[in-house]
Amino acid sequence: MKSTLLRTAFLFFAVSVVSFSLQAQSNPPDARLSGRLTDLSAYGVGNVRVTAQLENGADARIRSAISGPDGAYLLVLPPGRYYIHFRHPSFVDRDFVLDLAAAENRSIDLRLEIQRVSENVVVTANAQPLDLDHTPAPVDLIGRQEIEQRQAVSLPDLLATQTGISLARTGTIGGFTTLFVDGGNSSFTKVLIDGTPVNLPGGDLIYTNLTLDNIDKVELVHGAESALYGSDAMSGVIQVVSHQGSTRIPEVNLFAEGGGFSSARGGAQVSGLVHKFDYSVAGSYFHTDGQGINDAFLNRSFAGNIGYSFSDSNQLRLTIRSNASYAGTAGQALFAAIFPLDPTAFDDERQLSGNLSWTFKTGSHWVHRVSGMEARFVDTNGFPDFNFFETAQFNRAGFLEQSTYSFRQGAVTAGYQYEVENADPNNLSGLHARRNNQAGFLDARWQPLSRLTLSAGARAEENTNFGTRVVPRAGAIYALRYSQGLLGDTRARISYGQGIEEPTIFESFDADPCNPGNPNLRPERSRTVNAGIDQYFSSNRFRISATFFTNQFHDLIDQQQGPPNPICFGGREKLFFNIDAARARGLNWSGEAHLNHWLVLKGNYSYDDTRVLKTVATARPFEQPGNHLLRRPVNSGNLWLNATFRRVNFNLSGYFTGVRTDSDFDSLYIGNICTGPCLTRNPGYARFDLATSYNFGRGISFNGRVTNLLDKQYQEAIGFPALGRDFRLGMNYRFNGRN
């Protein structure tokens with residue numbers, strides 16, 4: 001019995017050895033595909049998903065690998081003909097078909113092209129588009145999906161929910177809107193539309209009629225960025241990025257809606273790709289009667305983005321955006337008994353911006369961009385009862401040339417910019433003002449370690465009024481940890497920047513004998529520091545970010561009493577001087593949780609402790625040193641929930657704002673003593689918005705939106721009641737297009 005068992009075991013062992021030997025001979029050794037993936041600046045690109053599938057086997061197993069932080073990847077594959085695909089949300093996909101022989105070691109190193117409209121790519125904070133993971137400055141990115149889910153219509157309403165933003169509107173839809181970033185003045189944020197500055201000379205911007213037609217992404221960069229963008233970039237930069245056509249069969253979107261306050265809105269967008277020519281055009285119309293006396297608003301918008309590719313490394317692009325609006329401007333409705341409303345006053349605004357750019361490469365290391373840009377603004381204020389009409393016209397035009405050299409561990413960009421400003425600020429005065437700016441700048445990025453990215457740059461700007469100023473910036477971002485586990489990636493970042501702000505046209509050139517301009521004014525200045533940390537959890541499904549900021553503002557321009565003049569109110573002239581100073585410091589916190597594939601929760605909180613440090617002796621009491629800056633709450637926050645289940649999308653937004661220093665500005669002061677309403681404190685409020693949609697199929701969907709869901713009574717600016725509960729219902733037809 002024992003011998004029989006031994007013979008059986010021996011026979012089994014012999015058969016197994018022969019079987020494994022034959023199998024090894026019939027299965028040739030695997031091939032190895034490896035390489036390193038980098039961006040155009042030679043940074044290693046991590047988290048790229050590399051997949052391989054046998055070309056003639058639709059049901060064949062898909063093998064995959066993920067590139068490491070340095071961009072390295074490795075796939076071990078049986079020999080055969082494979083379809084290889086490289087995918088990363090921040091970069092353009094790459095595809096190859098490869099024949100791999102047995103035991104072959106094949107190496108493919110790729111330079112991936114950045115995807116400019118990706119929600120993970122920053123266009124604004126760097127001289128060249130760069131992945132968010134390598135950008136030291138704090139950046140908020142709002143993509144097309146979020147815009148559609150919230151059913152946002154205007155730029156200010158979209159930005160109002162972002163970290164560090166406070167918004168004040170004098171009235172309802174169409175009211176004059178100011179926007180503050182991290183405690184800076186409204187004029188301290190530079191706004192770009194596809195690279196074209198649209199601020200008025202001196203930094204002011206009319207946000208009233210800026211719609212979101214034909215927009216793929218909005219970027220908000222915190223901190224002074226004058227080293228890249230010159231004047232106006234004192235506390236932040238906002239850039240609007242237009243949609244670009246990409247489908248051979250055109251993509252079409254048609255929409256119409258109506259609702260409360262006799263509101264009606266409609267529009268269309270068409271985009272596509274014809275051979276080497278891409279296009280995307282959109283237009284919209286909006287009208288509402290508003291909720292009070294003379295509160296109607298009418299807006300018409302058109303936007304276009306047209307490009308032509310001579311080759312993959314040589315493209316020409318033209319973008320145009322036009323907004324025209326008409327708004328009634330009755331005045332401060334809450335004080336109508338003291339200051340009667342004007343039922344005929346209006347504000348007619350027209351804005352036009354355009355950018356023509358040529359991007360091309362010379363060799364594998366050089367990328368060049370040449371751009372011509374122009375922005376026009378015309379504003380007519382009318383008071384028909386008094387037969388009084390005033391028109392202001394402003395124009396900014398210029399060109400930019402920059403060249404970037406990329407090497408293995410970084411990139412260096414050098415550029416030159418020239419700009420001409422023209423203004424007719426008051427047709428009644430006959431004043432025409434002209435001012436020129438020119439600048440040269442350098443910006444560099446270096447990655448000495450796979451975990452560390454350093455950046456630095458400087459700009460020398462020459463202005464007709466204040467001469468030449470040099471402003472630097474610097475930053476670093478360090479990956480403390482790489483992980484796909486419960487405790488995921490950890491990144492620390494710090495950035496420093498200086499900003500400058502040229503005087504407004506009135507401050508430099510005003511011919512009013514009682515408020516004369518001062519051509520010798522210095523630029524307003526800022527110094528900003530942002531230091532923060534980003535922590536990811538559970539394979540990046542959860543994120544928490546916290547950023548400490550401190551901003552110093554110096555040489556702020558104000559008016560103080562000048563020499564006696566009997567024709568002036570109070571018997572004295574008022575002269576412009578660089579005399580004021582202020583600061584803002586605080587904490588911006590934000591979080592994001594992908595609770596499920598259909599449920600996303602976002603939130604943010606801002607603590608913004610602003611202070612007046614220095615001002616003129618005749619300033620009103622609420623403007624004296626020690627007080628908070630106007631219309632900037634110390635505490636504010638937002639909550640955003642989106643749920644998509646089958647055909648239904650549900651979006652709920654909450655806005656929370658604490659007490660703010662404010663003023664009715666119609667109070668009468670004798671010296672520093674107030675004799676009018678004397679309101680200097682604006683209470684906090686909470687507001688909720690709801691947006692939902694239902695997809696019927698075949699491209700047809702129903703949309704519904706309610707703003708101020710609980711009909712909260714509040715004021716963003718004292719004396720101007722905000723819009724009550726408002727609803728819109730509409731239909732949308734979308735054909736997504738195909739290649």
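In this text the structure is predicted, and so the values were computed from the model without any measurement. Start at 1 with the first residue, then count along the sequence.
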Determine the minimum heavy-atom distance between [X] and [Y], stating which atoms define it.
X: Arg681; Y: Ile718; value: O-CD1, 3.9 Å
X: Gly184; Y: Phe553; value: CA-CZ, 3.7 Å
X: Asp555; Y: Glu524; value: O-CG, 3.3 Å
X: Ala137; Y: Val221; value: CB-CG1, 4.0 Å
X: His554; Y: Ala581; value: ND1-CB, 4.3 Å
X: Val123; Y: Tyr229; value: O-OH, 4.2 Å

Member of Arg469, Arg435, Arg525 meeting the salt bridge (charged side-chain N to carboxylate O under 4.0 Å, His left out) criterion with Glu502: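 For Glu502, the salt bridge (charged side-chain N to carboxylate O under 4.0 Å, His left out) test succeeds with only one of Arg469, Arg435, Arg525, which is Arg435.
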Using modelled atom types only, decide if a donor and an acceptor are shared between the side chain of [X] and the backbone of [Y] within a distance under 3.5 Å.
X: Arg144; Y: Ile215; value: yes
X: Asp295; Y: Gln291; value: yes
X: Asp726; Y: Val706; value: no
X: Asn651; Y: Ala691; value: no
X: Ser186; Y: Leu179; value: yes
X: Gln624; Y: Ala619; value: yes

Verdict with reasoning, Ile206 to Phe176, per side chain to side chain contact (heavy atoms under 4.5 Å, CB included): CA-CA 7 Å; Ile206 309 300; Phe176 180 78; 3.4 Å; yes
Stepwise side chain to side chain donor-acceptor pair (under 3.5 Å) check, Ser187 with Asn185: CA-CA 5 Å; Ser187 60; Asn185 289 344; 5.0 Å; no
Report yes if the side chains of [X] and [Y] come closer than 4.5 Å at any heavy-atom pair, otherwise no.
X: Leu723; Y: Phe261; result: yes
X: Leu167; Y: Pro156; result: yes
X: Asn126; Y: Thr135; result: yes
X: Pro633; Y: Ser166; result: yes
X: Phe688; Y: Ser653; result: no
X: Tyr605; Y: Leu587; result: no
X: Asp157; Y: Arg169; result: yes
X: Leu155; Y: Leu212; result: yes

Nearest 0.5 Å, what's the [atom1]-[atom2] distance between [X] and [Y]?
X: Asn520; Y: Phe576; atom1: CG; atom2: CZ; value: 14.0 Å
X: Leu690; Y: Leu641; atom1: CG; atom2: CG; value: 10.5 Å
X: Arg473; Y: Ser495; atom1: CZ; atom2: OG; value: 8.5 Å
X: Glu219; Y: Gln162; atom1: CD; atom2: CD; value: 12.0 Å
X: Arg543; Y: Arg491; atom1: CZ; atom2: CZ; value: 11.0 Å
X: Phe377; Y: Leu205; atom1: CZ; atom2: CG; value: 8.5 Å

Flag for [Y]-[X]: side-chain donor and acceptor within less than 3.5 Å:
X: Asp140; Y: His222; answer: yes
X: Asp510; Y: Asn515; answer: no
X: Glu623; Y: Thr615; answer: no
X: Asn209; Y: Gln351; answer: yes
X: Thr288; Y: Ser263; answer: yes
X: Asn323; Y: Ser301; answer: yes
X: Asp689; Y: Tyr655; answer: yes
X: His628; Y: Arg660; answer: no
X: Thr380; Y: Asp348; answer: no
X: Thr707; Y: Arg728; answer: no
X: Glu421; Y: Asn437; answer: yes

Arg522 charged N/C atom sitting above Phe466 aromatic ring, 6.0 Å / 45°: no
Hey, are [X] and [Y] close enough for a salt bridge, meaning a charged N less than 4.0 Å from a carboxylate O?
X: Lys574; Y: Asp512; answer: no
X: Asp534; Y: Arg493; answer: yes
X: Asp232; Y: Arg396; answer: yes
X: Arg631; Y: Asp662; answer: yes

Side chain to side chain contact (heavy atoms under 4.5 Å, CB included) evaluation trace for Glu501 with Phe188: CA-CA 7 Å; Glu501 172 81 272; Phe188 290 177; 3.5 Å; yes
Verdict with supporting geometry, Phe346 and Tyr326, ring-ring contact (aromatic ring centres under 6.0 Å, His included): CA-CA 7 Å; Phe346 68 86; Tyr326 177 95; 5.3 Å; yes
More than 12 heavy atoms of other groups within 6.0 Å of Arg376 CZ: no
Over 12 foreign heavy atoms within 6.0 Å of CD1, Ile293: no
Candidate list Asp608, Thr547, Asp182, test side-chain hydrogen bond (donor to acceptor under 3.5 Å, both in side chains), partner Asn588, passing option: Asp182
Arg150 vs Thr161, side chain to side chain contact (heavy atoms under 4.5 Å, CB included): CA-CA, chis, key distance, verdict: CA-CA 11 Å; Arg150 291 176 51 189; Thr161 62; 2.8 Å; yes
Working for side chain to side chain contact (heavy atoms under 4.5 Å, CB included), residues Leu575 and Gln559: CA-CA 5 Å; Leu575 306 180; Gln559 285 184 302; over 6 Å; no
Sole residue of Asn627, Leu629, Asn551 in side-chain contact (heavy atoms from CB on, under 4.5 Å) with Thr610: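 It is Leu629; the other options fail the test.
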Arg583/Asp609 under salt bridge (Lys or Arg N to Asp or Glu O under 4.0 Å): CA gap, chis, key distance, verdict: CA-CA 8 Å; Arg583 60 98 169 147; Asp609 183 20; 3.5 Å; yes
